[in-house]
Amino acid sequence: MQIALREAGYTPFGSSRQINEDDFDQFDLILAMDKENLRSIRSLARSSGKPCDHCHLFLEYVGIDGGKEVPDPYYGGNSGFKDVVKLIDDACQRLMTKLEKDPS
């Protein structure tokens with residue numbers, strides 16, 4: 001993925017982490033890349049008694065393909081990583097436009 005990001009002009013940095021109970025209070029928007037992750041996020045929210053009305057499927061939230069999941073690039077052959085970078089880039093552009101129009 002880092003190679004595909006660099007080829008697209010991005011400089012990868014940082015690291016990922018698992019979501020935790022505090023995130024439901026700390027963040028206004030929580031986006032999952034696929035339905036399995038969204039189910040896990042909602043399950044954590046329920047078990048911790050936290051609201052999760054601000055938890056969404058990323059592509060659905062930005063209006064791409066009626067809720068299509070971000071595919072795992074590993075299974076996309078030679079172009080899988082490039083395709084996912086392009087998809088996420090497009091989705092992020094839509095997300096920024098959406099948030100500029102309605103930041104709530």
Side-chain angles (χ1 to χ4, degrees):
M1 182 56 88
Q2 289 190 10
I3 292 169
L5 286 167
R6 284 188 185 93
E7 287 176 355
Y10 293 100
T11 302
F13 66 93
S15 60
S16 62
R17 66 167 177 82
Q18 287 192 335
I19 192 167
N20 65 59
E21 294 176 6
D22 295 334
D23 292 337
F24 298 108
D25 296 322
Q26 185 175 0
F27 298 106
D28 296 329
L29 182 61
I30 297 174
L31 299 172
M33 296 293 158
D34 62 44
K35 292 174 184 174
E36 182 178 337
N37 285 324
L38 184 58
R39 278 191 296 274
S40 296
I41 290 167
R42 288 180 173 160
S43 177
L44 177 61
R46 274 192 307 277
S47 68
S48 61
K50 305 282 185 169
C52 196
D53 54 339
H54 59 300
C55 304
H56 305 278
L57 199 56
F58 181 44
L59 296 183
E60 181 178 67
Y61 187 78
V62 298
I64 293 178
D65 254 1
K68 178 179 164 187
E69 299 174 299
V70 174
D72 186 335
Y74 182 78
Y75 299 105
N78 292 335
S79 66
F81 290 94
K82 290 179 183 180
D83 293 345
V84 168
V85 168
K86 171 116 176 63
L87 178 63
I88 291 173
D89 186 53
D90 292 346
C92 285
Q93 294 298 321
R94 286 185 183 215
L95 176 63
M96 294 306 298
T97 299
K98 182 174 182 149
L99 293 176
E100 287 171 354
K101 289 180 183 177
D102 182 16
S104 56

- Task: Measure the shortest side-chain to side-chain distance between Val84 and Met1 over non-hydrogen atoms and say whether it is less than 4.5 angstrom.
- Result: yes
- Query: Tell me, which pairs form a salt bridge (charged side-chain N to carboxylate O under 4.0 Å, His left out) where one or both residues lie in residues 7-24, sequence neighbours left out?
  - Reply: Glu7-Lys82, Arg17-Asp23
- Determine the minimum heavy-atom distance between Leu29 and Leu95, stating which atoms define it. CD2-CD1, 4.1 Å
- Close side-chain approach of His54 and Ile30, heavy atoms under 4.5 Å: yes
- Message: With salt bridge (charged side-chain N to carboxylate O under 4.0 Å, His left out) as the rule and sequence neighbours excluded, what pairs involving residues 83-93 come up?
- Response: Lys86-Asp90
- Does one hydrophobic cluster hold both Phe81 and Val70, with members joined at side-chain heavy-atom distances below 4.5 Å? yes
- Mind listing the closest non-hydrogen atom pair of Leu31 and Phe58 along with its distance? CD1-CD1, 3.4 Å
- Message: Check whether Arg94 reaches the backbone of Gly63 with its side chain - one donor and one acceptor, N or O, closer than 3.5 Å.
- Response: yes
- Output all residues satisfying salt bridge (Lys or Arg N to Asp or Glu O under 4.0 Å) with Asp25, sequence neighbours left out; order by chain, then residue number. Lys50
- Any donor-acceptor pair under 3.5 Å linking the side chain of Ser43 with the backbone of Arg39? no
- Pairwise distance CZ(Arg42) to CG(Asn37) - rounded to 0.5 angstrom: 12.0 Å
- Query: Leu57, Phe24: one ILVMFWY side-chain cluster at the under-4.5 Å cut-off?
  - Reply: no
